[in-house]
Amino acid sequence: MRRYSGISSHSPGDNIFKFPYLPPSMGPLERYRKRAEEDIARVLRSWGVEIDVCVEEARPGFGDLTFRCFPLARALRDRPDSIAYRLCEELRPEGFERVEAVGGYVNFHLNRRAFTADVLREALNETLFYFPPRGRRVVVEHTSANPTGPLHVGRGRNPILGDTIARMLRAVGYDVVTHYYVNDMGKQAAVLMWGVERYGVEASGKWDHVYVEAYQRAYEGYDEDEVAELLRKYEEGDEEVSRKVKTVLSRVLEGIGETLASINVRVDRYVWESDVVRSEYMRRAMEVLGKLAEVDNGALYVSLDKLGIRSEKDRIYITRSDGTTLYPARDVAYHLMKSDEGDVLIDVLGEDHKLHGAFIKAVVEGATDVIVEPVFYSFVRLPEGRMSTRRGAVVYLDDLIEEAVERAAEEVRKRRGDMDPDELMEIARKVGISAVRYNVLKVQNEKPMVFRWEEALNFEGDSAPYVQYTYARASSILRNYEGEISTEPPSEVHPSEWALVKAMASYRSVVEAAAEKRSPHLVARYARDMADAFNAFYRDCPVLQAGGPARAYRVAIVTAYRKTMERIFDIIGVEKTEKM
RNA sequence: GGGCCCAUGGCCUAGUCUGGAUAUGGCGACGGCCUCCUAAGCCGUAGGUCGGGGGUUCGAAUCCCCCUGGGCCCGCCA
């Protein structure tokens, strides 16, 4: 098992520190950690040392919790291993079997039977997963792709990351609402409209795929003036143009929405740029920006230097010479709108928006008391280079999803050929879309990714199906069991049982750390580690064949595992399946 | 040219924020395991100058500086 540093009860990032009015929410591991920390603090105080004691989860083979003595060496003028030894002499922490000094560490060993019973009980009654409401609202804006065609995997990380960040935050007690910002006033939208007018479209299937052809053709050569004219008319609210644009973009958006829904991505609200521009927020945005802006030939710009942003580019223009607003200004307005809905505004943005993100953050935080937090990801590239809708060098998300589900169906058929076809397809859908999500989530946001079919469709090893498979195994055991279950280990806890119990106990610290760091890959990694631990347990500890009271107890472990995995699946948007 | 991001075995990747006890897993390769709760699984073997060079430190994949390679940005586009 891996060790999770998590968040200690004393780290500055801790929500108890930030929101002191909330009741402390502690799982079993946090309770023991706190006891260990308090006991160490007690001893250190008696030695005249007053520090923030931070006990960590130990790595395997070194007990369960650990305290590093190295940082104390200077203050105590003693060697770390000697400090550890002296500490052990005086420590009397409650609930631990033993405490020992190894090297410069103090290692705490939990009472395994008692801890196991605690974890199982709290997993079964679900208090293990409960976080009290924080009274903080978060708006997560993600995807926000120009509605000119289908989503492609180049930006495919955006919806999956954004949706998972929203789910993580909900899981730890935030009120979360997700937004999709619809860029209807941009040039791209106008080019699409120009293409539609010029070439028309043939309705055949999903609208996003239908319209993208007109968009691509338009890009081969459009009339600059006519596009500008369209843009101007739309911005002025010309009735006929507005109606046409809204119809077309809504249809494309409908297609995009279907794609999102198919991979369990939920968008609570679509906010149209044109609505923002015509709202009170636009006026307020210009007021805010007016205080920062300078004039160049009639156009307004904000100098980045003034905002404390280091960049070669020295200014960001917010209006044209003719007075019409530019994207940065409109986005400030949109963020002012969001600031009414949330205390923290998270924007999931491609790496090309880094400067823009810094600009918005500086301006909006200067004008309101909300926190703006851009989360960046790097594009998924093709082996031959960047994806581009215009050039047609793309893999559409829809095609990836379809391929994944088809491949999953083949795999299920191989193993469960006798299964009812509807059930089989349902399992294939769950496996396929989960695989797509997982393969994106398992890699850190800012790592560059190259799209390769064989990796995107990976169904074994570090993959969703691997993790789902353990859930199916657990389900299979429970299907074949009838009777009582017991959370009390009847005898010594088996090492594989222990590893699994500890993995479950990490739920709180892992999920909380992932949420606070906006790092979905930590939860994907955790799902994998849980599955590893379950597979070891499955290998070493027969459940249904176990004799005596061990059976009811191991069934409790399996039940707790399933419940924990359901929570984890829910956070990363992976589907559970009882058979596969 | 400047700014930001990335660099870990053949390939992909964790750990980097918050420096410490044997650098995490997976894919691929090789060798094993289905009369036994689902083999999308399990066990074992081989494979590592943590991009390079300096520095800080008792201790560096982790912090600082320089360099190299790749990505992104540098528009009165969005």
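All values below were derived from every heavy atom in this structure, side-chain atoms included, with hydrogens, water molecules and symmetry-related copies excluded. In what follows, every chain begins at residue 1, and chains take the letters A, B, ... in the order their sequences are listed.
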Testing B:A78, B:C11, B:A39 for proximity to the side chain of A:Glu455, the answer is B:C11
Phosphate OP1/OP2 of B:G15 contacted by A:His521 side-chain N/O (<4.0 Å): yes
Torsion-based syn/anti label for B:C67, 90° from 0 as limit: anti
Donor-acceptor pair (no angle test) under 3.5 Å: A:Ser463 side chain, B:A40 base: no
Would you say A:Tyr466 stacks on B:A40, if stacking means ring centres under 5.5 Å apart and planes within less than 30 degrees? no
Roughly how many Å is it from CZ in A:Arg315 to C1' in B:G75, rounded to a whole number? 13 Å
Indicate, with a heavy-atom threshold strictly under 4.0 Å, whether A:Met449 touches base, sugar-phosphate, or nothing. nothing
Based on Watson-Crick and G-U pairs with both distances under 3.5 Å, what dot-bracket line describes RNA chain B 5' to 3', crossing pairs as [ ] and inter-strand pairs as |? (((((((..(((.......[....))).(((((.......))))).....(((((..]....))))))))))))....
Which nucleotide in the set B:C77, B:A21, B:G26 lies at the smallest distance from any side-chain heavy atom of A:Gln188? B:C77
Distance-only donor-acceptor test (3.5 Å): side chain A:Ser321, base B:C76: yes
Distance test, side-chain N/O of A:Arg320 to OP1/OP2 of B:C77, below 4.0 Å: yes
Strictly below 4.0 Å: does A:Arg539 bring a side-chain N or O up to OP1 or OP2 of B:C43? yes
What is the nucleic acid contact for A:Arg386, judged by heavy atoms within less than 4.0 Å: base, sugar-phosphate only, or nothing? sugar-phosphate
N/O (side chain, A:Asn535) to phosphate O (OP1/OP2, B:G41) under 4.0 Å: no
Considering only the C1' atoms, how many Å lie between B:G1 and B:G19, rounded to the nearest integer? 35 Å
Would you confirm whether A:Asn439, through its side chain, and A:Ala435, through its main-chain N or O, come within 3.5 Å as a donor-acceptor pair? yes
Minimum-distance nucleotide (side-chain atoms of A:Arg59 versus B:G20, B:U22, B:G15): B:U22
In whole Å, measure the gap between the C1' atoms of B:U8 and B:A23 for me. 8 Å
Going by an N to O cut-off under 4.0 Å, is there a salt bridge joining A:Asp529 and A:Arg525? no
Check whether NZ of the Lys or CZ of the Arg A:Arg473 lies under 6.0 Å from the centre of the six-membered ring of A:Phe534 and within 45 degrees of that ring's axis. no
Under 4.0 Å between a side-chain N or O of A:Arg473 and OP1 or OP2 of B:C37? no
Please measure how far the C1' atom in B:C17 lies from the corresponding atom in B:G53, and state the result in whole Å. 25 Å
Check the distance between B:A14's P and A:Leu441's CG and give it to me in whole angstrom. 13 Å
Between A:Arg157 and A:Glu351, is there a salt bridge with N-O shorter than 4.0 Å? no
Expected output: side-chain A:Lys354 to main-chain A:Phe376 donor-acceptor under 3.5 Å: no
So, does the side chain of A:Asn458 form a donor-acceptor pair with the base of B:A40 at under 3.5 Å? no
Counting heavy atoms from C-beta on, name the nucleotide in B:A14, B:C77, B:A40 closest to the side chain of A:Val443. B:A14
Using only side-chain N and O atoms of A:Arg525, determine if any of them is under 4.0 Å from OP1 or OP2 of B:G25. no
Could you tell me if the ring centre of A:Tyr105 sits under 6.0 Å from that of A:Phe62? no
With the side chain of A:Phe70 defined as its heavy atoms from C-beta on, choose the nearest nucleotide among B:C76, B:G20, B:A78. B:G20
For residues A:Tyr561 and A:Tyr471, establish whether the separation of their ring centroids is below 6.0 Å. no
Is A:Tyr538 close enough to B:C43 that one of its side-chain N or O atoms is under 4.0 Å from OP1 or OP2 there? no
Among B:G15, B:A40, B:U22, which nucleotide has an atom closest to any side-chain atom of A:Phe62? B:U22
For A:Lys414, answer base if it contacts any base atom (sugar-phosphate contacts may also be present), sugar-phosphate if it contacts only those atoms, and nothing otherwise; contact means non-hydrogen atoms under 4.0 Å. nothing
Counting heavy atoms from C-beta on, name the nucleotide in B:C36, B:C72, B:C12 closest to the side chain of A:Gln545. B:C36
Can you find a side chain N or O atom of A:Lys447 that sits less than 4.0 Å from OP1 or OP2 on B:A14? yes
Of all the choices, B:A21, B:A40, B:C11, which nucleotide is nearest to the side chain of A:Thr66 once you look at every atom? B:A21
Hey, does A:Glu578 reach any base, or is it just sugar-phosphate, or nothing, if we go heavy atoms under 4.0 Å? base
When you compare B:A7 with B:G52, how far apart are their C1' atoms, in angstrom units rounded to a whole number? 11 Å
Interatomic distance at P, B:G9 relative to B:G3, whole Å: 28 Å
Is any side-chain N of the basic residue among A:Arg413 and A:Glu410 closer than 4.0 Å to the acidic one's carboxylate O? no
If you only use heavy atoms from C-beta on, which nucleotide in B:C37, B:A40, B:C73 is closest to the side chain of A:Glu411? B:A40
Which value, in whole Å, describes the distance between the C1' atoms of nucleotides B:G55 and B:U45? 40 Å
With rounding to the closest Å, how many angstrom separate the C1' atoms on B:C37 and B:G32? 23 Å
Between A:Glu575 and A:Arg437, does any side-chain N to carboxylate O distance fall below 4.0 Å? no
Looking only at atom C1', what distance separates B:A40 and B:C74, rounded to whole Å? 47 Å
Run the salt-bridge test on A:Arg407 and A:Glu454 with the 4.0 Å N-O cut-off and return the result as yes or no. no
Counting only side-chain nitrogens and oxygens, does A:Gln444 get under 4.0 Å of the OP1 or OP2 atom of B:A14? yes
Answer yes when A:Arg232 and A:Asp322 have at least one side-chain N-carboxylate O distance shorter than 4.0 Å, and no when they do not. no
Does A:Arg416 make a side-chain N or O approach to OP1 or OP2 of B:A39 shorter than 4.0 Å? no
With sugar-phosphate meaning primed atoms plus P, OP1 and OP2, does A:Asn297 contact a base, only sugar-phosphate, or nothing at under 4.0 Å between heavy atoms? base
What's the closest nucleotide to the side chain of A:Lys354 if the choices are B:C4, B:A78, B:U13? B:C4
May I ask you to say what A:Leu544 touches in the nucleic acid, namely base, sugar-phosphate or nothing, with a heavy-atom cut-off under 4.0 Å? base
